[in-house]
Every structure is written in C-alpha cells, then in structure tokens.
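All chains are named by letter (A, B, ...) in the order of the sequence lines, taking the proteins before the strands, and each is independently numbered beginning at 1. The figures here come from the full heavy-atom set of this structure, side chains too, leaving out hydrogens, waters and symmetry mates.
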There are 2 protein chains.
Amino acid sequence: MATAKQNRHSRTRSDHATELTEDYVEAIFDIVAANGTCRAVDLANQFQVSHVTINRTVGRLQRDGYVETEPYGPIELTTKGTKLAKASKERHQIVLDFLLALGISRSTAIADSEGIEHHVSPETLNAMKEFIESKD
Amino acid sequence: MATAKQNRHSRTRSDHATELTEDYVEAIFDIVAANGTCRAVDLANQFQVSHVTINRTVGRLQRDGYVETEPYGPIELTTKGTKLAKASKERHQIVLDFLLALGISRSTAIADSEGIEHHVSPETLNAMKEFIESKD
DNA sequence: CTCTGAGTTTAGCCATTGCTAAACTGACTG
DNA sequence: CAGTCAGTTTAGCAATGGCTAAACTCAGAG
Ligand SMILES: [Mn+2]
Ligand SMILES: [Mn+2]
Ligand SMILES: [Mn+2]
Ligand SMILES: [Mn+2]
C-alpha cells in the first residue's frame, strides 16, 4: 500500500503544481477586464516569456478545463477558470494588503506577494485578514 | 531568493530555481547535525521522494558546488553549501516564528513557512523580525 | 481582390524533477 | 572469507516549462 505520508515538502510541491495555473487565470481575468479580450501576445507580454511558451501553457490550461480557445482565436476562461481566478485574485489581494499593512514598500510587497500567495493556507489567510482589519 | 527585478513573475520564477537547492542544503545540514553523517536514504526519507530522484538532485548540487560526495559515500556540504544552509535556516526560522507570532497553529505554520520562506525579500524578512520582537 | 505583416502554430531542442526496474557495491554476518 | 542484502547507481521513461527557427493565418491596407 502506498503510504503517502504527506509532509511539509509534499505540500510545497503540490502548491507549485497549481501556481502557474493560478497566475495564468488571474492574468487572463485581468486582461479580459481591461481589454475586453485576451490574446496570447498579451500573456507573453505579461509574463515576459516567449509566445511559444504561452501557447503550450494555454494548451495545458485548456486540457485541464480552465480556458477555452480556438486556433488563432482569443483565450477565454471557463466557469471553472473564472472561479479559480476570482479565488486567486482575492487571496493575492489579501496577501498584498497584509504585506502593506506590515509596513513593506509597495514595490517589494507586489513582488513578494506574487510568490507567497501560493503557499498561504486558509488558516494563515484568515489571520492576515484579521491583521489588516486590526490596522484599519 | 529575491534577485532579478525584471517583473514580478520573473522574480517568482527565479525564486523557484533556487528553492529546491535551499531545502536540500538545509536538510543536509540538519541530518549531519543529528546523525553525524548524511546519506541519500536520509534525504529520500525527508523529502518523501524516490532515492533515484535524490541521487540525481544531489548530482546537480555537486555540479553547482553546494555538496561534495563520492560514489556510495556520504553527502557533505561545501563551504558554499554550508553558508547557504545557514542563511536559509535562519530565514526559515524567522518566517516560522513570524507565523507563530501571528497566531497560526504550529502545524500550519510549519507547512506554510516551508513554501513562503523562498519568496521573502530581505525587506520583508526584516519587517517579520521586528514584528516578532514587538510581540516579546 | 490581393498582398502583407502581426500574431499564432508547429517542429525541435534543452533542463529540471518526478518515476520504476534492474544492476551493482560493500559492509556486516554467519 | 563467502554470502547476503540494504543502499546506491544506471537506464530509460514522462510531464512541465523554458527556448529559437520556420511555417502558417487572417484581417486590414492598398
Ligand atoms: Mn497572483
Ligand atoms: Mn503568483
Ligand atoms: Mn522550503
Ligand atoms: Mn514557491
């Protein structure tokens, strides 16, 4: 029997498996909100990665049911993708606001929150929310 | 580990490139401290990953100058590896203590700090240190 | 209408990090 | 001092996420 002893490193590994997905659906959500539509070139610009990498990553997102797109067409979030995007954006915002409430400069807070957001459990997220509120 | 400014996603990508290295040198440091020596099997047990994966990862660590090892021999940190291990352990401890000071349960704090530690800039680390001291 | 070029896709490469199966080493054990 | 076997290495596979070069599409300019 596979003992599957979950330890703290296993948690971090699984966080990383979903990290890119979360950042992509967040970005697609924001680009659609700003431009009305999202094209591969917008994502390449956002992530500073080649358009070819974007193309294959979006293919995985589609395979996994987060986006819908046709050849040469725009990239749209599915219901599942939209749900993940909203949850991720909310969590990301809380982490950012928390770092700002801690007194971190905005540019550092923006950079740090981009990585930290993916490793914050619901319990820690809640504590961050309370801390923000305690600081008005 | 907080280098390359570029944009916020580039920072996260470079953090991840060093993340595994940091966790490994930390683990090797601790295992040597506890057992007097570190073998591949100890790391496989620690990371819940196959011994083959450990073998190849240690090979990369050696290639990059963090560890020294001979076939069938124990794994030792180089000066560079020891330095990184100590810095990583210190940063990790601060992140853990910070989460505890925030009121997070120990088991959650242990799990979350394992991922968060790699995305914390010096500025944020400093703010965490001050927060811990303010709670003394 | 045709042509053109920005944007997309395809082809093909690489490194990392995971795996299983199988071969090999060398340190205790009997 | 030969055998055993836990631990290590090798071989070979896969998925992810990077890249460049080259081929292809299609909407708008002419
Ligand atoms: Mn985000
Ligand atoms: Mn992020
Ligand atoms: Mn870690
Ligand atoms: Mn991470």
Non-neighbouring partners of [X] that pass side-chain hydrogen bond (donor to acceptor under 3.5 Å, both in side chains), sequence neighbours left out:
X      : value
B:R56  : none
B:E68  : B:Q62
B:D42  : none
B:S107 : none

Salt bridge (charged side-chain N to carboxylate O under 4.0 Å, His left out) partners of [X], counting only residues at least two apart:
X      : value
A:K89  : A:D30
A:E22  : A:R91
B:D97  : none
B:K129 : none

For this session: Give me the residues of residues 45-74 of chain A where at least one heavy atom lies under 4.0 Å from an atom of DNA chain D, by number, or none.
Result: A:V49, A:S50, A:V52, A:T53, A:R56, A:R60, A:R63, A:Y72
Problem set entry | Sorted by number, the residues of residues 24-36 of chain A with heavy-atom contact under 4.0 Å to DNA chain D | none
Problem set entry | Heavy-atom contact window of chain B on DNA chain C, given 5' to 3' at under 4.0 Å | C:dT16 to C:dT25
For this session: For atom NZ of A:K86, decide whether the heavy atoms of other residues, nucleotides or ligands shown that lie under 6.0 angstrom number more than 12.
Result: no
For this session: Rounded to the nearest angstrom, tell me the gap between atom CD in A:E22 and atom P in D:dG17.
Result: 12 Å
For this session: Please identify each residue that fulfils ring pair (Phe, Tyr, Trp, His ring centres under 6.0 Å) with B:H9, with sequence neighbours left out.
Result: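 B:H9 satisfies ring pair (Phe, Tyr, Trp, His ring centres under 6.0 Å) with A:F47 once adjacent residues are dropped.
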